[in-house]
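Written out below as structure tokens is the structure these notes cover.
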There are 2 protein chains.
Amino acid sequence: MLTLTQAKPFTSGSDRAVPPPAGLENSSDALSLMGAPMTFSRNEEIYGESEPADYLYKVVSGAVRTYRVLDDGRRQIIAFHLPGDMFGMEFGDAHRCSAEAIGSVTVRVLKRSAVLALADRDSDASRQIWEMTARELQRAQDHTLLLIKTAEERLAYFLMEMHSRLSARNEVNLPMPRQDIADYLGLTIETVSRMFTQFEHASTIGLSGSRRIVLRDRAALNRLSA
Amino acid sequence: MLTLTQAKPFTSGSDRAVPPPAGLENSSDALSLMGAPMTFSRNEEIYGESEPADYLYKVVSGAVRTYRVLDDGRRQIIAFHLPGDMFGMEFGDAHRCSAEAIGSVTVRVLKRSAVLALADRDSDASRQIWEMTARELQRAQDHTLLLIKTAEERLAYFLMEMHSRLSARNEVNLPMPRQDIADYLGLTIETVSRMFTQFEHASTIGLSGSRRIVLRDRAALNRLSA
DNA sequence: CGGCGGCTTGATCGGTCTCAAGTACGGTGG
DNA sequence: CCACCGTACTTGAGACCGATCAAGCCGCCG
């Protein structure tokens with residue numbers, strides 16, 4: 001299986017094996033029934049931009065980033081997908097983002113055509129697909145609002161968001177490196193790092209290693225992320 | 001016949017006459033129900049954030065802005081809605097943006113509950129609603145990409161987008177004031193104004209009044225907006 | 001003709017980027 | 001267990017782009 005130990009090239013990997021999942025059309029609750037499990041290793045591409053969108057995915061463990069790159073190499077991370085999240089559902093036939101495993105990732109793979117066919121005759125399934133898209137839209141609009149804020153506000157918002165999605169008491173265990181955070185927030189890695197340091201110095205957070213964050217003053221973070 | 005139209009990403013080249021969007025005319029006739037016409041005057045609110053989303057709207061003439069404001073007053077325009085576009089469809093029961101008439105606007109108003117009820121028994125209608133949301137999602141993601149670019153790139157992109165949606169040969173007649181453009185692009189009004197001046201000085205565009213733009217060098221704009 | 005709102009222009013400020021070292025960490029092999 | 005390496009992260013100094021503050025200008029409508 002393809003394993004990129006280094007920053008991925010912009011070329012899409014064509015040599016990955018995608019075993020189509022076996023029968024999944026039989027239930028009326030299509031979106032929660034599980035497809036075939038599949039694992040990807042760190043930085044491995046799950047699919048590339050403008051590749052045919054034949055499958056959709058549900059994260060079992062690990063984290064996935066979807067992103068787009070501009071001609072000059074600037075990268076914008078569109079979303080992080082955590083356990084329980086689905087991704088890869090498109091309206092058209094091609095993916096509009098690339099998707100990569102951040103660390104080791106296990107996903108379940110569903111055949112898009114089967115899901116669409118089901119949606120055509122089951123209004124509940126259809127509604128679920130709509131809901132999934134609508135949620136992503138909300139997220140995208142929130143993201144837009146984020147990008148007009150200051151660096152401090154962006155990182156505060158990010159920490160609160162991650163806390164709410166991963167919460168273990170007052171601690172957050174970030175699955176992604178600083179560069180991913182930077183590309184998600186529209187900042188440079190240096191600015192992100194400085195903001196972490198600034199929050200720590202202000203006792204707003206505590207750091208044990210770069211990925212393990214203790215939220216010491218959630219009220220302050222909340223205020224900043226407004 | 002009602003077609004659920006959303007802004008499509010601009011395609012460089014080709015002058016098109018005012019867009020009868022391709023692709024979804026084969027909808028069920030049930031969705032052709034036309035709502036009651038209604039007019040709003042300049043800067044009049046059509047609905048507010050977190051109001052109940054009982055209706056959706058289709059622009060007949062004029063232009064509408066949907067936006068959200070942060071606590072400190074910063075405003076982010078989420079989208080401009082031009083003739084043919086629909087807006088106001090939400091997954092939840094409350095609007096997530098405010099909507100205002102930019103100038104004089106005529107819209108047709110549809111009852112949300114009726115559209116949803118229809119979607120529940122008509123898979124074509126259901127699919128159309130999904131498509132509408134999916135297009136908005138695409139737009140939102142493109143918007144996100146926009147916000148990581150430079151001021152020059154943002155304005156170039158904006159002009160190309162408006163051209164593709166309003167195109168009259170090489171001219172664009174902007175329906176919105178500078179402040180709206182600034183709030184859409186995440187810039188200040190001064191920066192937007194300076195960029196217009198810069199483009200004019202470089203003969204990339206021509207200005208007759210502040211709203212009427214002649215695109216003198218679309219190739220340059222396209223290159224910049226990449 | 002006068003006033004007002006929308007737009008442009010200028011001067012300066014400041015937040016974030018850029019460029020450049022330097023440091024901590026996790027893995028690997030001796 | 002340690003030495004080493006590469007990657008991720010932090011820190012610093014300086015430049016730059018867009019924001020801010022402040023006039024001035026234009027067009028429109030009374």
Side-chain angles (χ1 to χ4, degrees), chain A residues 3-8 41-43 63 65 70 72-76 102-104 146-156 158-159 173-202 205-213 224, chain B residues 41-43 63 65 70 72-76 102-104 146-158 173-202 205-213 224:
Chain A
T3 304
L4 301 175
T5 49
Q6 179 179 16
K8 74 294 146 229
S41 50
R42 199 169 82 107
N43 293 332
R65 59 179 169 251
L70 301 176
D72 60 2
R74 277 173 294 183
R75 180 181 72 157
Q76 175 64 42
I102 294 177
S104 271
L146 188 63
L147 294 182
I148 67 169
K149 299 184 187 178
T150 65
E152 190 182 33
E153 292 168 323
R154 293 186 212 190
L155 187 59
F158 174 76
L159 290 174
N173 237 316
L174 298 176
M176 74 290 286
R178 294 283 188 272
Q179 186 63 61
D180 284 0
I181 300 174
D183 289 347
Y184 180 71
L185 298 180
L187 298 169
T188 59
I189 187 175
E190 293 96 332
T191 298
V192 169
S193 183
R194 275 184 251 269
M195 288 300 140
F196 269 109
T197 304
Q198 176 183 313
F199 281 152
E200 186 184 27
H201 195 261
I205 63 171
L207 292 166
S208 356
S210 60
R211 303 280 185 102
R212 182 177 233 86
I213 319 290
L224 281 172
Chain B
S41 51
R42 199 169 82 108
N43 293 333
R65 60 178 170 252
L70 300 177
D72 61 1
R74 279 172 294 182
R75 181 182 70 158
Q76 175 65 43
I102 294 178
S104 271
L146 186 63
L147 294 181
I148 68 169
K149 299 185 187 177
T150 65
E152 188 182 35
E153 293 169 322
R154 294 186 212 190
L155 188 60
Y157 180 94
F158 174 77
N173 238 317
L174 299 176
M176 75 290 287
R178 292 285 188 269
Q179 186 63 59
D180 285 359
I181 300 174
D183 289 347
Y184 180 70
L185 297 180
L187 299 170
T188 59
I189 187 176
E190 293 96 332
T191 298
V192 170
S193 183
R194 274 184 252 270
M195 287 300 139
F196 269 109
T197 305
Q198 175 183 313
F199 280 152
E200 187 184 27
H201 194 259
I205 64 171
L207 292 166
S208 356
S210 61
R211 304 279 186 104
R212 183 177 233 85
I213 318 292
L224 282 172

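Quick note on labels: first sequence line is chain A, next is B, and so on, each numbered from 1. Since the model is a prediction, treat every value here as computed from it, not as a measurement.
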Inset, instruction - Mind listing the closest non-hydrogen atom pair of B:V192 and B:L155 along with its distance? - result: O-CD2, 4.1 Å
Inset, instruction - Among residues two or more places apart or on two chains, list those pairs meeting salt bridge (charged side-chain N to carboxylate O under 4.0 Å, His left out) that have a residue in residues 181-202 of chain B. - result: B:R75-B:D183
Legend entry - salt bridge (charged side-chain N to carboxylate O under 4.0 Å, His left out) partners of residues 147-158 of chain B, not counting sequence neighbours, each pair once: A:R74-B:E153
Legend entry - Test side chain to side chain contact (heavy atoms under 4.5 Å, CB included) applied to A:L70 and B:I148, step by step: CA-CA 10 Å; A:L70 301 176; B:I148 68 169; 4.1 Å; yes
Inset, instruction - Grab the CD-P distance between B:Q179 and D:dA19 for me, whole Å please. - result: 11 Å
Legend entry - Atom pair distance, as rounded to whole Å: CD in B:E153 and C1' in D:dG18: 14 Å
Inset, instruction - Figure out the CZ/C1' separation between A:R211 and C:dG26, and round it to whole Å. - result: 11 Å
Legend entry - Distance in angstrom units between A:I213 CD1 and D:dT10 C1', rounded: 14 Å
Inset, instruction - Measure across A:I102 and A:P177 and return the closest heavy-atom pair with its distance rounded to 0.1 Å. - result: CG2-CD, 4.1 Å
Legend entry - Annotated protein contacts, base or backbone, on nucleotides 8-17 of chain C with a non-hydrogen cut-off under 4.0 Å, one of B, S, - each: BBBB----SS
Legend entry - Validation row: B:F196, B:I181 side chains within 4.5 angstrom (heavy atoms): yes
Legend entry - Touch class at under 4.0 angstrom, heavy-atom based, for B:R212 against every strand present: nothing
Inset, instruction - Compare all side-chain heavy atoms of B:L174 with those of B:S210 and state whether any distance is below 4.5 angstrom. - result: no
Legend entry - Atom of A:L147, atom of A:Y184 and distance for their closest heavy-atom approach: CD2-O, 4.2 Å
Inset, instruction - Quickly work out the B:D180 CG to C:dG5 P distance and round it to whole Å. - result: 17 Å
Legend entry - Letter per nucleotide, 5' to 3', of nucleotides 25-30 of chain D [B base touched, S only sugar-phosphate touched, - untouched; heavy atoms, 4.0 Å]: ------
Legend entry - Partner of B:F199 by side-chain contact (heavy atoms from CB on, under 4.5 Å), out of B:I205, B:I213, B:L207: B:I205
Legend entry - Angle by which the axis turns from one end of the helix from C:dC1-D:dG30 to C:dG30-D:dC1 to the other, five pairs per end, to 10 degrees: 30°
Inset, instruction - State, to 0.1 Å, how close B:A156 and B:L224 come at their nearest heavy-atom pair, and which atoms those are. - result: CB-CB, 3.7 Å
Inset, instruction - Nearest whole angstrom, please: distance from the P of D:dG12 to the NE2 of A:H201. - result: 11 Å
Inset, instruction - List for me each residue that meets side-chain hydrogen bond (donor to acceptor under 3.5 Å, both in side chains) alongside B:S41, sequence neighbours excluded, and say none if there are none. - result: B:E44
